[in-house]
Amino acid sequence: MQQLQGMDASFVALETRNSPMHIGSILIYDPSTAPGGFVRFKDILGFIESRLQLSKTMRQRLVRVPFDLDYPYWIEDPDFDLEYHVRHIALPKPGDWRQLCIQAARVFSRPLDLSRPPWEFTVVEGLDGIEGLAKGSYAYITKVHHAAIDGMSGIDLMEATHTLRPDEPPPATPDTWKPEKLPNPVELLGRSYMNAITNPLKQIEVAAKAAPGLAKALKGLAAKEFDVSTEMIAPKTRFNRKISPHRVVEGISVPLAEVKAIRTLVDGAKVNDVFLAIIGGAMRRYLEDKKELPKKTLTAMAPISVRSKGEKDTMGNQVAAMIAPLGTHIADPIERLQFCHDRTVNSKAMTDAMGARNMTEMSKASPALFMALGAQLYSRLSLANRGVGPIFSTVVTNVPGPPIPIYSAGAKMQSMMGLLCLTDGLGLGHVVQSYTDEATIAFTADREMMPDPEFYVECIRASYEELRDAAKNPALKKAEAKKPAAKKRATAKKATATRKAPASKAKAGTKGVASRKKAAPKGKGTTKS
């Protein structure tokens with residue numbers, strides 16, 4: 001048995017019907033590289049089964065302490081059944097991108113069964129209506145509870161279910177995994193009693209470790225190494241209230257080479273600054289159209305991995321966070337990128353001064369009962385609708401993917417698009433994920449808060465393209481940034497209407513390297529759960 005850490009336990013405590021706390025992705029595969037040029041469902045099952053020993057996540061389930069008096073535990077599931085976790089469906093004809101995303105949103109909206117290992121892979125066939133994909137291509141819609149993984153340990157899970165060559169054999173070492181007996185309530189309560197005795201000592205230890213970081217932060221503030229401004233606290237928007245159980249998911253793909261070219265617009269800018277500026281521009285366009293754009297900048301919570309090399313294969317979350325203003329109050333794309341870079345440098349300096357690792361360690365000393373009660377009361381009292389909630393507008397998490405092609409059951413992965421969990425007060429989240437020569441900018445949103453995801457896709461694309469064009473000609477003044485919001489939306493709707501076949505949206509998206517090189521990046525369709 002292994003007890004969860006504080007942050008991991010918080011994801012379990014936050015779990016509700018409207019707010020399932022899992023993350024995941026849409027992964028698309030070309031089976032032409034597999035033996036015989038095709039992959040059957042039983043091939044996928046056999047492939048995953050042969051590699052289970054490479055992942056601690058896949059055969060461990062949660063056991064909760066009665067009355068949530070202590071943090072839950074991980075145990076090796078005595079009733080593990082691979083076929084429960086790997087499902088199989090097919091899209092009806094024509095099998096286009098929009099249908100795939102509708103299925104992804106529906107699958108992603110359903111909570112995981114926490115009495116089993118908290119993950120599911122849904123294999124989706126029938127994608128022949130998506131232009132740019134090879135015949136017989138299929139997808140995985142993945143879900144893994146956030147208590148089990150963060151972005152970096154998710155990469156470890158990806159490694160366990162993929163190979164570097166299509167013909168790579170299974171591990172040569174024997175699988176020595178053994179199930180564990182479920183602990184009884186008396187045993188769990190006994191453990192919680194002992195932990196309750198030692199928890200004050202843990203809190204003192206954490207406080208002692210955090211003290212130097214706080215002192216360093218105060219010293220840095222006095223020396224003006226960074227500043228704490230009102231820009232760090234975001235105004236409330238439509239995305240910062242109680243969420244529904246329904247989701248929309250979408251995204252676009254862009255060439256990494258163009259993103260790297262954009263960062264040269266501002267000295268010292270990083271790739272992450274570019275993505276923050278793109279998302280800031282997209283949210284500006286979207287809220288401006290709704291006549292809801294605040295005068296003050298919106299902000300993003302940007303997770304920071306503090307996972308050491310020695311923790312590479314461990315479960316759970318090893319992340320801290322920084323607040324990144326998005327520059328939504330700035331119309332000019334280059335000025336917005338400069339603003340995002342400057343404020344990110346400031347936020348990083350503050351996080352470094354406090355100690356990102358210390359921020360993570362502090363979460364481990366929170367009493368489990370108070371954490372569980374607080375999470376449930378926050379949801380049941382609809383405190384997010386009363387202005388109580390995150391001090392940021394959205395989440396932007398950057399997950400580096402493999403720089404080279406990878407394979408599952410011999411099939412080559414063509415593309416990957418990340419999906420996020422939402423919670424009350426946070427109805428929109430973004431995942432930026434790289435793979436080989438492309439990056440995807442994807443979002444997960446509450447359907448009630450964003451009933452028109454196709455328009456937000458257009459906003460992301462327009463924001464990206466104005467920065468891309470500025471990188472080609474920095475002196476270029478984009479007329480698009482000055483267009484009235486109503487006119488921009490009409491243009492976006494017209495563009496959407498002319499692309500009736502969502503397959504064409506995928507042409508420069510996640511489907512097909514050749515088509516990406518020929519066309520500008522395009523969105524991937526409308527998705528409603």
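Numbering starts at 1 and runs along the sequence shown.
Heavy-atom minimum distance, P31 versus S137: CD-CA, 3.7 Å. A pairwise comparison of heavy atoms in L265 and A471 identifies CD2-CA, 3.7 Å as the closest pair. Between S434 and L256 the shortest heavy-atom distance is CB-CD1, 4.2 Å. Minimum interatomic distance between L419 and T444 (heavy atoms only, all atoms of both residues): CA-OG1, 3.6 Å. Residues Q103 and I141 approach most closely at C-CD1, 4.1 Å, considering heavy atoms. Residue V259 comes nearest to V254 through the heavy atom pair CG2-CG2, 3.7 Å, listed as atom of the first residue, atom of the second, then distance.
When atom types are taken as modelled, the side chain of R98 and the backbone of G95 share no donor-acceptor pair closer than 3.5 angstrom. No donor-acceptor distance shorter than 3.5 angstrom exists from the side chain of Y456 to the backbone of P451, with no hydrogens or angles considered. In terms of modelled atom types and a separation under 3.5 Å, the side chain of R336 and the main chain of I330 share a donor-acceptor contact. The backbone N or O of V86 sits nowhere less than 3.5 Å from a side-chain atom of E120 that would complete a donor-acceptor pair. Remark: side-chain polar atoms of R284 are paired, donor with acceptor, to backbone N or O of T328 under 3.5 angstrom. Using a distance-only test at 3.5 Å, with no hydrogens or angles considered, a donor-acceptor pair links the side chain of Q433 to the main chain of G418. With hydrogens and angles ignored, the 3.5 Å screen pairs a side-chain donor or acceptor of D96 with a backbone N or O of Q99. Counting only distance, with no hydrogens or angles, the side chain of T299 and the backbone of I233 share no donor-acceptor pair below 3.5 Å. Between the side chain of T264 and the backbone N or O of A261 there is at least one donor-acceptor pair closer than 3.5 Å. The main-chain N or O of P403 is never found under 3.5 Å from a side-chain atom of T436 such that the two would form a donor-acceptor pair.
Counted by atom type alone, H246 and S109 present zero donor-acceptor pairs between their side chains at under 3.5 Å. There is a side-chain donor-acceptor pair under 3.5 Å between Y140 and S408. For the residue pair Y29 and H162, a side-chain donor N or O sits within less than 3.5 Å of a side-chain acceptor on the partner. Remark: the N18 side chain and the T16 side chain contain no N/O donor-acceptor pair separated by less than 3.5 Å. Residues T440 and S253 have side chains that never bring a donor and an acceptor to within less than 3.5 angstrom of each other. With 3.5 Å as the limit, one finds a donor-acceptor pair spanning the side chains of S415 and E438.
Under the 30°/60° scheme for interplanar angles, the aromatic rings of H146 and F11 are found to lie parallel. Ring geometry for F108 versus H22: interplanar angle over 60°, hence perpendicular rather than tilted (30 to 60°).
The pair E466-R285 meets the salt-bridge criterion, with a side-chain N (NZ, NE, NH1 or NH2) lying under 4.0 Å from an Asp/Glu carboxylate O. For the pair D30 and K412, the salt-bridge criterion is not met [side-chain N within less than 4.0 Å of a carboxylate O]. Using a cutoff of 4.0 Å between basic side-chain nitrogens and carboxylate oxygens, R238 and D446 are not scored as salt-bridged.
The line from CD1 of I460 to CD of E465 is 12.0 Å long, rounded to the nearest 0.5 Å. Put simply, CD1 on I334 and CG on L467 are 7.5 Å apart, with the number rounded to the nearest 0.5 Å. Here the straight-line distance linking atom CD1 of I278 with atom CG of L337 works out to 9.0 Å at 0.5 Å rounding. Atom CD1 in I130 sits 5.0 Å away from atom CG in L133 (nearest 0.5 Å). Annotation: the span from K270 atom NZ to C340 atom SG amounts to 15.5 Å, rounded to 0.5 Å.
Within the structure, no pair that satisfies the ring pair (Phe, Tyr, Trp, His ring centres under 6.0 Å) test touches residues 262-281, not counting sequence neighbours.
Annotation: cation-pi geometry satisfied between R116 and Y84 (NZ/CZ under 6.0 angstrom from ring centroid, within 45° of ring axis).
A side chain to side chain contact (heavy atoms under 4.5 Å, CB included) with I26 holds for exactly one of T142, L100, V124; it is L100.
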Please walk me through it: do L426 and I243 pass side chain to side chain contact (heavy atoms under 4.5 Å, CB included)?
CA-CA 8 Å; L426 186 64; I243 63 173; over 6 Å; no

Evaluation steps, side chain to side chain contact (heavy atoms under 4.5 Å, CB included), between V107 and K143
CA-CA 9 Å; V107 167; K143 301 194 307 188; 4.0 Å; yes

Test log, rule side chain to side chain contact (heavy atoms under 4.5 Å, CB included), inputs V12 and M21:
CA-CA 7 Å; V12 179; M21 300 304 294; over 6 Å; no

Run the side chain to side chain contact (heavy atoms under 4.5 Å, CB included) test on H430 and L420 for me, step by step, so that the C-alpha distance in whole Å, both residues' side-chain angles and the decisive distance to 0.1 Å come before the verdict.
CA-CA 7 Å; H430 303 80; L420 271 182; 5.6 Å; no

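Side-chain contact between E159 and I406 is absent, with no heavy-atom pair separated by less than 4.5 Å. Counting heavy atoms from C-beta outward, E288 and M283 have side chains that stay 4.5 Å or more apart. Proximity of E125 to L91: side-chain heavy atoms (C-beta onward) are nowhere separated by under 4.5 Å. Counting heavy atoms from C-beta on, the side chains of P245 and R17 come closer than 4.5 Å. At least one side-chain heavy atom of F339 sits less than 4.5 Å from a side-chain heavy atom of T297. Using a 4.5 Å heavy-atom threshold, the side chains of V457 and F443 count as touching. The shortest distance between side-chain heavy atoms of V345 and R343 does not fall below 4.5 Å. The closest side-chain heavy-atom distance from I44 to F121 is not below 4.5 Å.
The side chain to side chain contact (heavy atoms under 4.5 Å, CB included) search around P235 returns P294, K296, L298, not counting sequence neighbours. Remark: A269 engages R263, V266, D273, H341 in a side chain to side chain contact (heavy atoms under 4.5 Å, CB included) (not counting sequence neighbours).
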